[in-house]
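Everything on this sheet refers to the single structure shown next.
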Amino acid sequence: MKRVITPDRNRVLHPPQIPAEFLPRHIALVMDGNGRWAQERGMPRTQGHKRGEAVLLEVVDACLAMGIPYLSAYAFSTENWRRTPDEVRFLMGFNRDVLRRQREWLNERGVRVVWAGRRPRLWRSVLKELEKAEELTRDNTAMTLVMCVNYGGRAEIVDGVRSLAQQVASGKVRPEEISESMLSAYMYDPQMPDVDLFLRPSGEKRTSNFLLWQSAYAEMVYQDKLFPDFGPEDLFAAVEEYARRDRRFGGTK
Ligand code: IPE
Ligand code: IPE
Ligand code: MG
């Protein structure tokens, strides 16, 4: 528990040479497949989650190496409360511990940590660590890591609409003034750019309620590897695939 897990510092990353204009500005990563990884090895599901810690740090390193400014990591969804009490308890404690263990490492690398999620139900100790990490890293500029904990895309839209509706009710906003950009400003992280690359390992091909609003025109890349086996090369492969895609946004060439 005390051991600080960090990526292998001697490992040399070989990011693909891709012109900046073809790089995603924002990658949304669904860290999935931990339970299956552990079960395939006859271990409790929690062992898979534990492996995910170092993998996430490697992904951060790989994003830094490529110059990707925004990474959102799906760590706990508003639906994950449906799991057994034991697993929920483990995941809450684990998120708290990872934040505590890794905030200095992230800070040293110039990573700005931001939390996206819903307050009710989230453990206070997790919230505290999220706020500490945000506070410590607030002026960093190398990249932004959005930790999505107790996050749900629909919950985010509902929460945003609720705040905006209050503005309408108090007469500060007229309904006809409401626009997409206005509602965007009510999302958990108003500075978050739209998702360019939505990446999900584990073989599942669904969004599972992740960044729905921001992913309207995201390129979806699904990979079969389970998250504990995921590494920088898989991220690089996803970014290369992204760079080959033809993005039209409804227009024509
Ligand atoms: C993702 O791995 C981690 C969280 C949802 C917190 P899972 O726990 O969903 O692993 P699988 O999908 O059951 O293998
Ligand atoms: C999505 O994975 C949530 C996180 C990775 C945190 P899930 O494993 O919870 O999603 P489903 O159940 O496959 O849709
Ligand atoms: Mg899963």
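Counting starts at 1 for both ligands and their atoms, in listed order. Residue numbers start at 1 and run along the sequence shown.
- Counting protein heavy atoms only, atom 12 (O) of ligand 2 is closest to Arg206 NH2, 4.5 Å.
- Close approach of ligand 2 to Arg83 is summarised as follows: ligand atoms under 4.0 Å from at least one heavy atom of the residue are 7 (P), 8 (O), 9 (O).
- Between the side chains of Arg247 and Tyr242, at least one donor-acceptor pair of N or O atoms lies under 3.5 Å.
- Nearest non-hydrogen protein atom to atom 9 (O) of ligand 2 is Asn80 ND2, 2.9 Å.
- For atom 11 (P) of ligand 2, the nearest protein heavy atom (residue, atom name, distance) is Ser208 OG, 3.5 Å.
- In this structure, Phe210 has its ring center under 6.0 Å from that of Tyr151.
- Cation-pi check for Arg83 over Trp81 is not met; the charged atom does not lie both under 6.0 angstrom from the ring centroid and within 45 degrees of its normal.
- With a 4.0 Å heavy-atom cut-off, ligand 1 is reached by no atom of Glu204.
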Residue pair Arg138, Glu135: steps toward the salt bridge (Lys or Arg N to Asp or Glu O under 4.0 Å) verdict: CA-CA 5 Å; Arg138 67 187 317 146; Glu135 180 61 33; 2.8 Å; yes

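- The protein heavy-atom contact nearest to atom 10 (O) of ligand 1 is Gly35 N, 2.9 Å.
- The aromatic ring centroids of Tyr188 and Trp115 lie 6.0 Å or more from each other.
- Among all protein heavy atoms, the one lying closest to atom 5 (C) of ligand 2 is Met31 O, 3.5 Å.
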Worked check of side chain to side chain contact (heavy atoms under 4.5 Å, CB included) between Asn209 and Ser77: CA-CA 8 Å; Asn209 201 17; Ser77 76; over 6 Å; no

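- Distances from ligand 1 to the non-hydrogen atoms of Ser202 include no value under 4.0 Å.
- Atom SG in Cys148 sits 8.0 Å away from atom OH in Tyr74 (nearest 0.5 Å).
- Interface of Arg36 with ligand 1, defined as ligand atoms under 4.0 Å from a residue heavy atom, comprises 11 (P), 12 (O), 14 (O).
- For the 3.5 Å distance criterion, the side chains of Arg112 and Thr144 qualify, holding a donor opposite an acceptor.
- Within the 4.0 Å heavy-atom shell around ligand 1 one does not find Gly48.
- Residue contacts with ligand 1 include His49, since one of its heavy atoms falls under 4.0 Å from the ligand.
- The Ala75 neighbourhood of ligand 1 comprises atoms 6 (C), with distances under 4.0 Å to a heavy atom of that residue.
- Side-chain contact of Tyr70 with Asp189: a donor-acceptor pair under 3.5 Å is present, judged by distance alone.
- The Mg ion (ligand 3) has an N, O or S atom of Asp32 under 2.8 Å away, backbone or side chain.
- Near Phe76, meaning under 4.0 Å from one of its heavy atoms, ligand 2 places the atoms 6 (C).
- Considering backbone and side-chain atoms alike, Asp32 places an N or O below 3.5 Å from some N or O of ligand 2.
- Counting only heavy atoms of the protein, atom 2 (O) of ligand 2 lies nearest to Arg200 NH2, 3.6 Å.
- Side-chain polar atoms of His26 and Asp196 form no donor-acceptor pair below 3.5 angstrom.
- Side-chain contact of Ser208 with Arg200: a donor-acceptor pair under 3.5 Å is present, judged by distance alone.
- Nearest to atom 4 (C) of ligand 2 by heavy atom, out of Tyr74, Phe210, Phe227, is Tyr74.
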